[in-house]
There are 2 protein chains.
Amino acid sequence: MLIEPMEAAYSPLYAQIKAILVDRIASGQWKPGELIPNEFLLASEFNVSQGTVRKALIALEAEKLIDRQQGRGTYVARHTSETSLFHFFRMVGLDDRRVTPSSRVISQKLCVASKEIAQALDVELGTRLHCITRVRDMRELPAIFERIYVPQALMPSLEIRPGATMVDEMYVIYQEHFGVTIAHASERLGAVSATREQARLLSIEDGAPLLEITRIGRNVTKKPVEFRVSRCRTDVFRYATEIT
Amino acid sequence: MLIEPMEAAYSPLYAQIKAILVDRIASGQWKPGELIPNEFLLASEFNVSQGTVRKALIALEAEKLIDRQQGRGTYVARHTSETSLFHFFRMVGLDDRRVTPSSRVISQKLCVASKEIAQALDVELGTRLHCITRVRDMRELPAIFERIYVPQALMPSLEIRPGATMVDEMYVIYQEHFGVTIAHASERLGAVSATREQARLLSIEDGAPLLEITRIGRNVTKKPVEFRVSRCRTDVFRYATEIT
DNA sequence: GAGTGGTCTAGACCACGGT
DNA sequence: CCGTGGTCTAGACCACTCG
């Protein structure tokens with residue numbers, strides 16, 4: 001019996017607890033990598049039983065917002081190059097084995113949101129955005145041509161050295177430098193023909209078919225934060241997904 | 001304390017219960033659509049508490065093997081055109097709205113498993129397969145060219161009338177006629193150029209880029225049952241996936 | 001051994017779908 | 001009204017990590 005507002009739509013206790021915990025993570029009160037109080041402490045704080053807190057925590061773990069480790073404790077999820085790639089990067093070789101990309105930044109510019117991007121990011125038309133163009137190599141091959149758009153307001157000092165080879169994932173940078181955690185993403189896939197520029201950068205024939213992935217990245221509160229378009233060679237790589 | 005074999009790897013009670021229930025579904029002892037015993041009955045059958053059974057049932061529901069309905073009971077999941085499409089068919093319009101395909105069968109033949117297909121279906125090279133070729137229309141447009149391979153041994157009398165417009169999903173047919181339930185699938189996506197035949201059937205230009213989806217469909221025990229290659233127009237449709 | 005999350009139990013009560 | 005699944009509690013014990 002946490003809250004009992006008149007006329008309230010019914011919501012189970014564990015869902016209310018969960019919402020409170022999400023808020024603590026979203027607001028930065030609990031930061032990525034931080035150890036949060038154990039189940040009994042949370043239970044006594046909210047005056048509920050440990051089992052109820054547990055149910056909220058299990059739900060948060062399923063959403064990958066926290067990381068529970070038996071014997072150690074519960075931590076706020078943190079992006080690492082590893083986990084970020086494993087979670088958000090779906091390309092595999094024809095042998096079905098995961099590949100690790102590295103990236104070369106072609107350019108970083110400021111631009112304004114087009115109609116499509118403004119709608120995707122839920123911002124005003126003309127909002128100022130960072131626009132990063134890069135090529136990602138996989139197994140020594142140039143494989144992905146990528147444009148990334150993020151609102152300048154969210155990450156004022158975002159600065160990627162053009163030409164530098166990047167090991168770190170963008171999502172690690174967002175989180176560690178700007179406190180922005182990408183927790184969910186929507187992807188739309190289609191097939192397109194390579195433009196002349198893309199063909200040159202990817203060492204393929206002009207007009208060759210490319211897999212185009214359009215992604216909207218969202219933070220823990222599901223607000224859109226990043227828009228990205230990736231054009232991938234699929235002569236030696238595939239996009240992998242499981243339906244369960 | 002269900003089983004306690006010497007040297008056994010530790011496995012929680014609810015996982016053992018779950019395995020038993022999966023087996024009852026896989027073996028056909030409980031058939032799709034059937035009402036299964038309630039939580040207390042199962043609990044007393046296995047001599048565990050209701051909460052333990054519940055945990056197994058919740059896991060099965062997450063895997064979409066059963067359908068739990070408050071106030072009514074728990075049913076073995078059944079494919080319907082609706083649920084099958086909603087679960088396995090990922091194409092959406094550019095407006096992000098779901099589309100419902102209909103299909104025209106071009107041909108049905110018998111063939112033998114190539115190396116690639118034999119490996120995918122985990123059968124011997126040369127195993128006899130049904131091979132169905134069809135075109136799927138979406139919003140009055142020919143949109144997908146598709147080849148489906150299933151072992152003849154699994155579905156001896158599979159017979160689709162060429163030319164007939166199909167409303168029913170293949171997966172509904174597999175389940176209702178042959179007791180084969182597709183419960184999981186792996187998909188690999190890439191971009192390819194349309195062959196002349198495909199271009200003609202899809203009313204697009206020769207060599208136009210198509211999204212190629214290679215799917216391995218698996219039954220409830222995760223054994224591969226169907227191999228399918230779909231080539232999709234993505235000028236007005238997209239493949240949609242969420243990363244959560 | 002102390003502390004954490006994971007499992008399991010037993011029982012109470014609630015919300016929902018039918019009769 | 002009954003029977004179902006859904007929530008919540010309180011407490012016991014198990015498995016893992018670390019000092």
Side-chain angles (χ1 to χ4, degrees), chain A residues 1-21 24-25 30 33-78, chain B residues 1-21 24-25 30 33-78:
Chain A
M1 71 205 74
L2 255 200
I3 61 173
E4 203 79 46
M6 308 280 273
E7 308 275 346
Y10 172 71
S11 165
L13 258 184
Y14 73 84
Q16 299 174 39
I17 308 279
K18 184 187 154 195
I20 295 173
L21 301 182
R24 288 191 182 175
I25 295 173
W30 287 344
E34 196 174 325
L35 178 67
I36 73 176
N38 72 38
E39 298 178 348
F40 286 98
L41 285 172
L42 290 172
S44 74
E45 176 184 349
F46 298 126
N47 287 302
V48 298
S49 80
Q50 178 240 14
T52 301
V53 169
R54 171 183 293 272
K55 196 158 181 185
L57 292 174
I58 287 172
L60 289 179
E61 185 179 38
E63 292 181 22
K64 297 202 159 53
L65 294 187
I66 60 173
D67 184 16
R68 287 158 68 72
Q69 297 177 36
Q70 181 171 157
R72 291 169 54 85
T74 298
Y75 298 83
V76 179
R78 204 175 91 198
Chain B
M1 67 205 80
L2 256 200
I3 61 174
E4 203 82 41
M6 307 279 276
E7 307 275 348
Y10 171 71
S11 164
L13 259 186
Y14 72 84
Q16 298 175 37
I17 306 280
K18 183 187 155 195
I20 295 173
L21 301 183
R24 289 193 181 174
I25 294 173
W30 288 344
E34 196 174 323
L35 178 66
I36 73 176
N38 72 38
E39 298 179 348
F40 285 98
L41 285 172
L42 290 173
S44 74
E45 176 185 350
F46 297 126
N47 287 304
V48 299
S49 80
Q50 178 240 15
T52 301
V53 169
R54 170 183 293 272
K55 197 158 181 184
L57 291 175
I58 287 173
L60 289 179
E61 185 180 38
E63 292 181 22
K64 296 201 160 54
L65 294 188
I66 59 174
D67 184 15
R68 288 158 67 71
Q69 298 177 35
Q70 182 171 157
R72 290 167 55 84
T74 298
Y75 299 83
V76 179
R78 206 177 88 198

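Below, all heavy atoms of this structure are taken into account, side chains as well, without hydrogens, waters or symmetry copies.
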Practice task
List the steps, then state whether side chain to side chain contact (heavy atoms under 4.5 Å, CB included) holds for I25(A) with I66(A).
Solution key: CA-CA 9 Å; I25(A) 295 173; I66(A) 60 173; 3.9 Å; yes
Exercise for the section: Please report the C-alpha distance between L65(B) and W30(B) in whole Å, then the side-chain angles of each, then the deciding distance to 0.1 Å, and finally whether the side chain to side chain contact (heavy atoms under 4.5 Å, CB included) criterion is met. Expected result: CA-CA 11 Å; L65(B) 294 188; W30(B) 288 344; over 6 Å; no
Practice task
Please test I36(A) against L57(A) for side chain to side chain contact (heavy atoms under 4.5 Å, CB included), starting from the C-alpha separation and ending with a verdict.
Solution key: CA-CA 11 Å; I36(A) 73 176; L57(A) 292 174; 4.2 Å; yes
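Backbone-only engagement by Q69(B) is indicated by non-hydrogen atom pairs under 4.0 Å involving sugar-phosphate atoms exclusively. Residue-level contact check: Y14(B) touches the backbone only, with heavy atoms under 4.0 Å from sugar-phosphate atoms and none from bases.
Residue K55(A) has a polar side-chain atom (N or O) positioned under 4.0 Å from OP1 or OP2 of dT7(D). Neither OP1 nor OP2 of dT4(C) sits under 4.0 Å from any side-chain N or O of T74(A).
Ion pairing between a basic and an acidic side chain is recognised when a charged N comes within 4.0 Å of a carboxylate O; K18(B) and E63(B) show such pairing.
Atom P of nucleotide dA10(C) and atom CZ of F40(B) are separated by 11 Å, given to the nearest angstrom. Atom CG in L42(A) sits roughly 17 Å away from atom P in dG3(C) (whole-Å rounding). Rounded to whole Å, the distance from CD on Q16(A) to P on dC14(C) is 16 Å. The interatomic distance linking N38(A) (CG) with dC16(D) (P) rounds to 20 Å, in whole Å. Distance, Q50(A) CD to dC13(D) P: 15 Å, rounded to whole Å. Across the protein-nucleic acid pair, F46(A) atom CZ and dT7(D) atom C1' stand 18 Å apart, rounded to whole Å. What separates CD1 of I58(A) from P of dG6(D) is a distance of 16 Å, to the nearest Å. For the pair L35(B) CG and dG17(C) P, the interatomic distance rounds to 16 Å; values are reported in whole Å.
Taking every side-chain heavy atom of L13(B) into account, dC8(C) is the closest of dG5(D), dA10(D), dC8(C). In this structure, of dA15(D), dG5(D), dC8(C), it is dG5(D) that holds the atom nearest to the side chain of Q70(B). Checked against dG6(D), dT17(D), dG17(C), the side chain of E39(B) finds its nearest nucleotide in dG6(D).
Taking 3.5 Å as the limit, the base of dG6(C) and the side chain of R54(A) contain a donor-acceptor pair of atoms between them. Evaluation of atom-type donor-acceptor distances gives no pair under 3.5 Å for the side chain of R68(A) against the base of dG6(C).
Position along DNA chain D of the nearest nucleotide to T52(A) versus L41(B) favours L41(B) as the more 5'-ward residue. Residue-to-nucleotide proximity on DNA chain D shows that, of P12(A) and G71(A), the 5′-proximal contact is made by P12(A).
Of the possible polar contacts, none joining the E39(B) side chain to the V53(B) backbone as a donor-acceptor pair under 3.5 Å is found.
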